[in-house]
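Right, one structure below, let's go through it.
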Amino acid sequence: MVSSNPTLRHQVIRIYKDLLFLGREYPQGYDYYRSRLHKAFASQRDTKDEEQIKKGIKRAEFVKKEIEALYYLKRYRTLRQRYDTKS
């Protein structure tokens, strides 16, 4: 995503780093996650339209929230299984 607007560039870099950070706990491994994330961002690197870049940032924010939700669900299920009193 290339733009003459440096603010958008910083937003793209920030969301990329945030998503990369979330990939540490990815079930299929960090290397798998990182390669897929890089491929997704690289496919959009020639985008110059600011509206398209903003849409991409919003989509990345959505994906970030979904990944966080999956991690919280996994943590909740683990804790519930650990402390469930079925015996």
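Counting from 1, the numbers follow the sequence of the chain as shown. The basis for the numbers below is simple: all heavy atoms, side chains too, and nothing from hydrogens, waters or symmetry mates.
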ask   = Aromatic rings Y32 and Y26: how do their planes relate, parallel, tilted or perpendicular, breaks at 30° and 60°?
value =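 Parallel.
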
Can you tell me how far apart [atom1] ([X]) and [atom2] ([Y]) are? Round to the nearest 0.5 Å.
| X | Y | atom1 | atom2 | answer |
| --- | --- | --- | --- | --- |
| I13 | D18 | CD1 | CG | 12.0 Å |
| I67 | F21 | CD1 | CZ | 13.0 Å |
| K48 | D46 | NZ | CG | 6.0 Å |
| E51 | K54 | CD | NZ | 5.0 Å |
| K55 | E50 | NZ | CD | 13.5 Å |
| R77 | R82 | CZ | CZ | 15.0 Å |

key: Q28 atom CD: more than 12 heavy-atom contacts under 6.0 Å   =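 Yes.
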
ask   = Does any non-hydrogen side-chain atom of L8 lie less than 4.5 Å from one of Q11?
value =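 With C-beta onward as the side chain, the pair touches.
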
query = Counting N and O atoms only, with roles assigned by atom type, does the side chain of Y33 sit under 3.5 Å from a partner on the main chain of L19, one being a donor and the other an acceptor?
reply =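 Answer holds: yes.
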
message = Are V63 and Y30 connected into the same hydrophobic cluster when the rule is that any two of I, L, V, M, F, W, Y join if their side-chain heavy atoms are below 4.5 Å apart?
response =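 Yes; tracing contacts between hydrophobic side chains, which count when under 4.5 Å, links both residues.
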
query = Would Y71 end up clustered with L37 when hydrophobic side chains under 4.5 Å apart are linked, directly or stepwise?
reply =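 In one cluster: yes.
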
inquiry  = According to side chain to side chain donor-acceptor pair (under 3.5 Å), who are the partners of E61, at least two apart in sequence or on a separate chain?
reply    =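 R14.
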
